[in-house]
Amino acid sequence: MSNSIKEKISNVIRQWDGPLTKELLREPAKYGLGQVPEKLKPDSTTTLVCGFCSTGCGLNVHLKDGEAVNLTPDTQYPVNLGMACPKGWEALAPLNAKDRAKSPMIRTKNGKLVEVDWDSAMKRMVAEFKNVQSKYDDEAVAFLSTGQIVSEEMAFLGALTKFGMNMIHGDGNTRQCMATAVVSYKQSLGFDAPPYTYKDFEESDVIILVGSNLCIAHPIMWERVAMNKHNPEIVVIDPRKTETAVAGTQHYPIAPKSDLAFFYGLANQLIEQGFIQQDYIDKYTNGFEGFVEHVKEYTPEKVEEASGIKADQLQKLVDTIAAGKRVSLWWTMGVNQSHEGVRVAQALINIALMTGNFGRPGTGANSITGQCNAMGSRLFSNTTNLLGGHDFANEVHRTKVADITGVPVDSIPEKMGWAYDQIIDGIASGKIKALWVIATNSAHSWINQQSFRDIIKKLDFLVVQDMYHSTETAELADMILPAAAWGEKTGTFINSERRYGMVKKVKRAPGQALSDFNIFKLVANYWGCSEMFKKWTHPEAVFQMLKACTKDQPCDISGIKDYQMIDSCGGIQWPLLEGEELQDHERRLFADGKFHHPDGKAKFLYEEPRKALEVPCQEYPSWLLTGRGTSSQWHTQTRTKNSSVLTKLYPKDIYVEINAVEARQLKIEPSEWVWVKSRRGKLKARACPSYHVQEGQVFISMHYPECNYLTFPSFDPYSRQPSYKACAVKVSKMEYWE
Ligand SMILES: Nc1nc2c(c(=O)[nH]1)N[C@H]1C(S)=C(S)[C@@H](COP(=O)(O)OP(=O)(O)OC[C@H]3O[C@@H](n4cnc5c(=O)[nH]c(N)nc54)[C@H](O)[C@@H]3O)O[C@H]1N2
Ligand SMILES: Nc1nc2c(c(=O)[nH]1)N[C@H]1C(S)=C(S)[C@@H](COP(=O)(O)OP(=O)(O)OC[C@H]3O[C@@H](n4cnc5c(=O)[nH]c(N)nc54)[C@H](O)[C@@H]3O)O[C@H]1N2
Ligand code: SF4
Ligand SMILES: [Mo]
């Protein structure tokens, strides 16, 4: 299709997200609501970035009579080169589900949710929130948001709540997911800057995957590994023999939460045996001497004691790294979700730095992101930093953001708000009385679920803004706001390799559902602060402001002209400076060895390992590991359960993987229902005996709502990310009457 037709189509799509004021309520059809959608070019194709995982595949969506009818992976898109996983292929199916929220709903006194119009919903929400703020204080209203809406929406939410509605506390599900990577990069490199490009999967000769089940969690990144022509060693460090470990060339089944001792021991051997790049260390880093001293005590014996990995196996890994010319270390939730995840991630960064595996093709200490726009939330959610990686406490930063966005500088708070767990604690202690939850399903995904549910009852008012009215969290809500979903609205995502990609409206949202962007606009109107947001007219206007916010930051994208440029380039990685020509589709950071600390050097950071707060004991003898189950399931399943294709590809019932020898000892047969109990709760699951989990460990996938009734609430002290993958449980046979 020619570019001019593409441009016309995207212009039409953009019109659908036109300005919205109270007028919308008088003339809904004019704004694409109600019965009369404005038609797209009848039969055409346009490219969108997938709305599930952070890989960010390009999908060609085919329209008929102005509505998306099906899709095919884009063969030209530099990320996926014509491939998609089952979720990508089925991305349109969840939009047509029966349980889509089509109208705002309010819970009546008898506990029933009833449909109301937007006017009543907005009046009620604003009244409840203002009431709480005047009865307690401004901080008594908080929000929980997401890595799964477009950056323009996240930014609007963060600005509206913190600048317009005087909130201080707001966080997102990115805390459950990426907080550890953010903090570790910030402390070590001076900025949250994942350095890699996907081409590095193809260019490495040693790929080390730590706590990352790439084959099912990021299948198209795995396809990029499969395209590697250097016959790479693929090393998997994971307590379980995952799909990725089976497909790799070396597996180190370390004991759960022994990573820190293991990687310090590995570093110690690399240093002792002289496999380091002293000139790189001298030129580009600080603190190496202290690190050498720190790791000295991590002898192979100590490593074996902590991790179960024997000296000769450790040596094999040392030799593999030493022989590698381009070694890359990649990590995901096995590292981030830990009581000491920040230091583990930094242990990986340290190894990459001291072996000179940074900034060159096929190298790096690389955090793989999770959700489609977790990277957007890291820069633009206005939670852990002020828009664009700025600092709330810095007056110059506040002034810059105020000037660009048109909000008064004194409306920008000087302090950062609480983290997710602190917000929940705040509800428990009565400091937070109203909560607005946007595009996350806390009543399934948050840790230690029974406690969460007990606490949430203490709220005076809970608003849930979701594309479905049936989520576990929506079921607890006092009010549901119906949101348009991916494919029904416009904006940008940033993928794992820092690539901006377009999301477009290719379908009309059902009923009265509005894009999150337009919901925020409505709230601003009813709150009485729309004047402050008069520059925030539509997603692309916000994009231009966010772009201006990134100027002179490491994530500077002042060289991206507009949406059209992102669209026609197949996505654009940050940074791209003003005047810089986009010459390469695969750009990595730190080729010049210049890091973002004031002295330009990276830091070696390390600490004594700490024991997990709950470990297996006589009564609860097994570690519970949790995580992704299949490539066809997405998180709390609100979307993937609505595809008849995907539901055929994963087990219907919750299952627990248990070591086959232990299952035999317990006389447990495959598929038999068993109890799994922890100190906090119990669940019934089908037994799945296998040799992929070690003795003394079991695995349950997070996609089933029961899973988090077992998990233990401990948190990394620096990132406050929950440690979802370590608690003590007991598996037992069910009695015949149970
Ligand atoms: N199909 C599918 N894909 C997804 C998602 C999904 O829901 N479904 N979610 C997306 C999101 S948001 C995320 S964050 C990513 C997550 O992607 P991954 O992190 O790859 O997935 P997980 O299964 O959560 O965890 C990875 C591995 O960590 C291991 N692990 C547990 N404890 C430890 C430990 O102490 N040390 C080490 N080294 N490893 C450990 C587990 O055994 C598990 O195999 O996936 C993304 N992709
Ligand atoms: N035990 C255990 N628990 C875990 C994990 C684990 O490994 N183990 N992993 C954690 C991780 S890494 C993550 S990222 C979290 C994920 O946890 P959640 O964020 O709770 O999971 P999702 O199911 O993705 O929830 C997204 C919600 O947003 C809705 N939604 C989708 N699109 C839109 C939209 O455009 N607008 C609006 N308003 N709503 C939308 C969906 O219907 C859904 O209800 O789970 C965490 N929980
Ligand atoms: S790998 Fe991720 S981005 Fe690509 S199609 Fe699958 S879910 Fe979508
Ligand atoms: Mo995640």
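Just so you know, ligand 1 is whichever comes first in the structure, and atom 1 is the first atom listed for that ligand. No hydrogens, no waters, no symmetry mates; every other heavy atom, side chains included, goes into these values. Keep in mind the model is a prediction, meaning the values are calculated, not measured.
- Every atom of ligand 1 is numbered from 1 in the order shown, and the set under 4.0 Å from a heavy atom of Thr242 is 44 (O).
- Heavy atoms of Ile368 come nearer than 4.0 angstrom to ligand 1 in no pair at all.
- Under the 3.5 Å distance criterion, the side-chain polar atoms of Lys725 are matched with a main-chain donor or acceptor of Thr626.
- Between the Arg498 side chain and the Gln573 main chain, no donor and acceptor come within less than 3.5 Å of each other.
- Counting protein heavy atoms only, atom 5 (C) of ligand 1 is closest to Trp634 CZ3, 3.2 Å.
- Of the protein's non-hydrogen atoms, Thr630 O, 2.9 Å is the one closest to atom 1 (N) of ligand 1.
- At a 4.0 Å heavy-atom cut-off, ligand 1 touches Thr332 through backbone and side chain alike.
- Remark: ligand 1 atoms within the under-4.0 Å shell around heavy atoms of Gln633 are 1 (N), 2 (C), 6 (C), 7 (O), 8 (N).
- Checked for salt-bridge contact, Lys504 and Asp567 meet the test: a charged N lies under 4.0 Å from a carboxylate O.
- Note on ring orientation: taking the six-membered ring where Trp is involved, the planes of Tyr704 and Tyr655 are perpendicular (angle over 60°, cut-offs 30° and 60°).
- Residue contacts with ligand 3 leave out His218, since none of its heavy atoms falls under 4.0 Å from the ligand.
- Remark: minimum distance from atom 2 (Fe) of ligand 3 to any protein heavy atom is reached at Cys53 SG, 2.3 Å.
- Between Arg378 and Pro194, the closest side-chain pair of non-hydrogen atoms falls below 4.5 Å.
- Both the sub-6.0 Å distance and the 45° axial angle are not jointly satisfied by Arg175 relative to the ring of Phe715.
- Not one N or O on the side chain of Asn228 forms a donor-acceptor pair closer than 3.5 Å with the backbone of Val225.
- A donor-acceptor pair is defined here as one N or O able to donate and one able to accept, closer than 3.5 Å; such a pair exists between the side chain of Tyr196 and the backbone of Ser367.
- For Asn373 (side chain) and Ile494 (main-chain N/O), a donor-acceptor pair under 3.5 Å exists by modelled atom type.
- Taking a cut-off of under 4.0 Å to the non-hydrogen atoms of Lys87, the atoms of ligand 3 that pass are 7 (S).
- Distance alone, capped at 3.5 Å, places no donor-acceptor pair between the Ser496 side chain and the Thr55 backbone.
- In terms of protein heavy-atom proximity, atom 20 (O) of ligand 1 is nearest to Asn213 N, 2.8 Å.
- For atom 13 (C) of ligand 1, the closest non-hydrogen atom of the protein is Gly370 CA, 3.3 Å.
- Here's the thing with Asp259: one of its N/O atoms is less than 3.5 angstrom from an N/O atom of ligand 1.
- Expressed to the nearest 0.5 Å, how far CD1 of Ile349 lies from CZ of Arg343 amounts to 10.5 Å.
- At a 4.0 Å heavy-atom cut-off, ligand 1 touches Ile216 through the backbone alone.
- A distance of 4.0 Å separates NZ in Lys641 from OG in Ser470, rounded to the nearest 0.5 Å.
- With a 4.0 Å cut-off on non-hydrogen atoms, Met178 does not touch ligand 1 at all.
- Summarising the local packing, NZ of Lys302 is surrounded by more than 12 heavy atoms from other residues, nucleotides or ligands at distances under 6.0 Å.
- The protein heavy atom nearest to atom 1 (S) of ligand 3 is Ile220 CG1, 3.5 Å.
- Close contacts of ligand 1 with Pro256, meaning ligand atoms under 4.0 Å from a residue heavy atom, involve 35 (O).
- The ligand atoms of ligand 3 that sit less than 4.0 angstrom from a heavy atom of Gly88 are 5 (S).
- Annotation for ligand 3: atoms under 4.0 Å from non-hydrogen atoms of Phe52 are 7 (S).
- When Arg628, Gln176, Lys725 are ranked by how near their heavy atoms come to atom 16 (C) of ligand 1, first place goes to Arg628.
- Ser723 places a side-chain heavy atom less than 4.5 Å from the side chain of Lys257.
- Every atom of ligand 3 with a heavy atom of Gly56 under 4.0 Å away is listed here by number and element: 3 (S).
- By heavy-atom distance, the residue among Gly211, Ser307, Cys177 lying nearest atom 26 (C) of ligand 1 is Gly211.
- Remark: among candidates Lys241, His218, His692, Met221, the nearest residue to atom 15 (C) of ligand 1 is His218, based on non-hydrogen atoms.
- Residue contacts with ligand 1 include Lys87, since one of its heavy atoms falls under 4.0 Å from the ligand.
- Close approach of ligand 1 to Asp238 is summarised as follows: ligand atoms under 4.0 Å from at least one heavy atom of the residue are 27 (C), 28 (O), 29 (C), 41 (C), 42 (O), 43 (C), 44 (O).
- Taking a cut-off of under 4.0 Å to the non-hydrogen atoms of Gly627, the atoms of ligand 1 that pass are 22 (P), 23 (O), 24 (O).
- The backbone N or O of Val79 lies less than 3.5 Å from a partner atom in the side chain of Arg224, making a donor-acceptor pair.
- The option from Gly147, Ala217, Ser631, Ser632 that lies nearest to atom 47 (N) of ligand 1, judged by heavy atoms, is Ala217.
- Without hydrogens or angle criteria, Glu662 side chain to Glu695 main chain gives no donor-acceptor distance under 3.5 Å.
- Put simply, the side chain of Gln449 never gets that close to the backbone of Asn708: no donor and acceptor are under 3.5 Å apart.
- Of the options Gln371, His703, Glu657, Lys257, the smallest heavy-atom separation from atom 35 (O) of ligand 1 is shown by Lys257.
- The nearest heavy-atom contact from the protein to atom 19 (O) of ligand 1 is Met333 N, 2.7 Å.
- The shortest heavy-atom distance from Met702 to ligand 1 is not under 4.0 Å.
- More than 12 non-hydrogen atoms from other residues, nucleotides or ligands lie less than 6.0 angstrom from CD of Gln315.
- The nearest protein atom to atom 12 (S) of ligand 1, hydrogens excluded, is given as His635 NE2, 3.0 Å; this is a heavy-atom distance.
- Here Cys57 meets the criterion, with an N, O or S atom under 2.8 Å of atom 4 (Fe) of ligand 3.
- In this structure, NZ on Lys87 lies 10.0 Å from CZ on Arg639, to the nearest 0.5 angstrom.
- Closest protein heavy atom to atom 8 (Fe) of ligand 3: Cys50 SG, 2.4 Å.
- Closest to atom 6 (Fe) of ligand 3 among all protein heavy atoms lies Cys85 SG, 2.3 Å.
- If you check which protein heavy atom lies closest to atom 28 (O) of ligand 1, you get Gly334 CA, 3.3 Å.
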